[in-house]
There are 2 protein chains.
Amino acid sequence: MNESAKAGSGYPIRAVERVCDILDLLQIEPEGVSLVAVTAATELPKSSAYRYLLALEARQYAERDADTGLFRLGPAYRPQRARQLGRLLECAHPALEQLRNKVNETVNIGVLDGGEVVHVAVIESQQMMRLAARVGERGPVHATALGKVIAAGMPEENVRTILSGHGMRTFTPATIVTAEAFVRELARVAKLGYAIDDLEAQDDGRCVAVPLPGLPFLAGLSVSAPSSRLSNDGVPLVVTRLKKAATAIVKAYERSPL
Amino acid sequence: MNESAKAGSGYPIRAVERVCDILDLLQIEPEGVSLVAVTAATELPKSSAYRYLLALEARQYAERDADTGLFRLGPAYRPQRARQLGRLLECAHPALEQLRNKVNETVNIGVLDGGEVVHVAVIESQQMMRLAARVGERGPVHATALGKVIAAGMPEENVRTILSGHGMRTFTPATIVTAEAFVRELARVAKLGYAIDDLEAQDDGRCVAVPLPGLPFLAGLSVSAPSSRLSNDGVPLVVTRLKKAATAIVKAYERSPL
DNA sequence: GACAATAGTTCCATTGAGCGGAAGAGAAGT
DNA sequence: ACTTCTCTTCCGCTCAATGGAACTATTGTC
């Protein structure tokens with residue numbers, strides 16, 4: 001903490017201060033704290049403290065003990081997650097590049113976080129015209145192939161909670177916008193073993209994804225391309241390659257040192 | 001991360017989302033990211049991303065690599081700090097209670113964080129009228145005894161940075177409000193081996209503090225009381241007891257399992 | 001050295017995101 | 001049943017935060 005006692009940003013943002021105050025407190029109270037205790041310690045108005053805690057909970061930086069209802073640090077704050085992710089990315093890299101070279105399109109790994117899909121690896125197509133998210137970019141579960149394969153591995157109840165919490169925004173005329181239709185799509189996905197974003201997130205983009213099973217978190221592997229280059233006819237071949245790469249990635253992860 | 005895929009808080013706070021987005025990104029980029037990369041990944045306007053990063057840096061949730069200038073997770077995010085703190089609090093508890101019982105006033109441990117003093121342990125006097133901060137409460141370095149003993153252990157340059165970043169608010173007529181006077185006070189503190197908040201933070205409160213040396217972070221131990229009960233004449237005895245307790249605490253910490 | 005491009009930093013008029021008090025609901029204790 | 005305390009919800013209001021633009025610094029190329 002005093003590794004650098006330097007201070008003063010010149011850019012105080014009250015909300016950031018408040019988040020940090022709360023996270024600081026949760027760090028020094030590993031057994032958890034009540035809302036009243038948070039209020040007292042941070043001197044925030046109670047309703048503000050409550051809203052912040054819920055917002056942090058939604059992003060898994062805080063969680064609630066089921067029995068006591070006390071707030072404590074959440075999974076997002078646990079370093080093992082970062083380590084596990086780092087490990088996955090390391091293991092996956094060779095297979096990702098190989099896959100990218102085989103299909104000549106952008107390949108991605110996405111993981112579930114706070115009810116959204118985060119792109120944690122993006123190996124871009126070398127073509128000029130390409131569909132490519134950036135590392136760290138987030139997308140909704142309901143309109144992305146990655147989101148679909150991830151959601152297909154979750155209990156339906158949890159899927160519905162995510163959908164109602166995040167909404168089902170319409171990106172294109174093809175976007176699935178009702179929970180019922182989405183749940184039906186997930187049944188299809190689970191059966192087929194892969195998902196397609198068929199012009200649902202972008203009018204001219206198509207994406208195919210398969211799950212990465214057996215990891216300590218929900219993740220998927222996908223190929224994304226302009227729709228002109230990835231037709232529905234071409235999907236089966238891409239799926240075959242995705243599944244082969246997914247198998248290689250998971251095997252490499254399982255073999256990697258802890 | 002998917003330990004609980006539950007989502008949806010009903011209380012989105014955009015600023016909290018933004019903090020979490022940035023922290024998420026920093027977690028998956030251990031070598032660090034540039035402002036431009038943060039901007040791209042989070043889709044924040046550049047100046048907003050910049051301000052958030054600086055605000056997080058001020059609270060040590062982010063830091064900058066001295067050579068590359070890249071932002072990465074800061075010390076506040078490192079679990080070993082929480083563990084070290086937890087360990088200190090555990091070791092200190094018996095000595096704190098004993099000290100509280102001896103002096104019959106509230107005893108505190110404070111640590112430096114983001115240019116302020118955080119109370120991380122507060123064992124309250126059993127008297128009805130008492131001066132007692134709460135765990136997690138923060139105070140300014142310049143007007144607290146804990147702040148003084150901590151600052152006395154820092155390079156003067158760093159002290160000045162803290163003072164200019166946080167300001168030197170006037171709490172009472174006795175508050176030291178210029179950097180020059182404060183630096184002189186610190187020289188006195190360093191020489192004496194203890195510090196007094198002599199009605200500087202509160203009109204009717206007095207506080208005596210000694211450093212806790214040899215810890216992996218800057219910390220101090222203090223006794224706080226209504227001024228009517230802690231006269232200047234009584235300070236030397238309290239200092240003796242504080243130093244004895246500080247020695248016991250540090251010894252216990254050093255002996256405790258890692 | 002000159003120029004261009006890019007990254008980082010600062011500023012401020014504007015406004016809507018966030019606020020916090022109050023009310024309501026729930027839980028616990030007598 | 002009543003009281004007290006904690007947790008949860010709501011909404012009119014305002015000011016903290018915003019983000020675009022300008023400026024500064026750095027890097028790369030010729």
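A note on names: the letters A, B, ... follow the listed sequences, proteins ahead of strands, and every chain is numbered from 1.
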Take B:Glu180 and B:Arg160 through the salt bridge (Lys or Arg N to Asp or Glu O under 4.0 Å) test and state the conclusion after the steps. CA-CA 9 Å; B:Glu180 301 311 325; B:Arg160 286 184 184 273; 3.1 Å; yes
Counting the atoms with a prime plus P, OP1 and OP2 as sugar-phosphate, which does A:Phe71 contact under 4.0 Å by heavy atoms, base, sugar-phosphate, or nothing? nothing
Is the phosphate of D:dG19, meaning OP1 or OP2, less than 4.0 Å from a side-chain N or O of B:Arg14? yes
From CD of A:Glu17 over to P of C:dG18, roughly how many Å is that when rounded to an integer? 16 Å
Spacing of A:Glu57 atom CD relative to D:dC7 atom P, expressed in whole Å: 13 Å
From D:dG20, D:dA17, C:dG8, pick the nucleotide closest to the side chain of B:Pro45? D:dG20
Does C:dA17 have OP1 or OP2 sitting under 4.0 Å from an N or O in the side chain of B:Arg18? no
Checking C:dG20, D:dT8, D:dG20 against the side chain of A:Ser47 (C-beta onward), the nearest is C:dG20
Member of A:Asn108, A:Thr144, A:Asp197 meeting the side chain to side chain donor-acceptor pair (under 3.5 Å) criterion with A:Ser224: A:Asn108
By nearest nucleotide on DNA chain C, pick out whichever of B:Val16 and B:Thr68 is the more 5' one. B:Thr68
Looking only at heavy atoms, what is the nearest atom pair of B:His142 and B:Lys148, with distance? O-CE, 4.2 Å
Count the heavy atoms belonging to other residues, nucleotides or ligands that lie under 6.0 Å from CD of A:Glu97, then report whether that count exceeds 12. yes
Round to a whole Å and report the spacing from OH of B:Tyr52 to C1' of C:dT9. 18 Å
Of A:Ala15 and A:Ala37, the one whose closest nucleotide on DNA chain D sits nearer the 5' end is A:Ala37
According to a strict under-4.0 Å criterion, is B:Tyr11 in side-chain N/O contact with OP1 or OP2 of C:dG18? no
For the pair made of CG in A:Leu35 and C1' in D:dT8, what is the distance, rounded to whole Å? 9 Å
Please tell me if A:Ser48 has a side-chain N or O lying less than 4.0 Å from either OP1 or OP2 of C:dG20. yes
Looking at B:Arg51, does any N or O in its side chain come under 4.0 Å of the phosphate oxygens OP1/OP2 on D:dT18? yes
Mind calculating the distance between CG (B:Asp65) and C1' (C:dA7) to the nearest angstrom? 16 Å
Side chain of B:Lys46, base of C:dG8: donor and acceptor closer than 3.5 Å? yes
Looking for any heavy atom pair under 4.0 Å, which part of the strands does A:Ile13 touch: base, sugar-phosphate only, or nothing? sugar-phosphate
Between A:Thr175 and A:Ala143, the two heavy atoms sitting closest are CG2-CB, 4.0 Å
Tell me whether the OP1 or OP2 atom of C:dG8 has a side-chain N or O from B:Arg64 closer than 4.0 Å. no
If you compare every side-chain N and O of A:Tyr50 against the phosphate oxygens of D:dT6 (OP1, OP2), does one of them come in below 4.0 Å? no
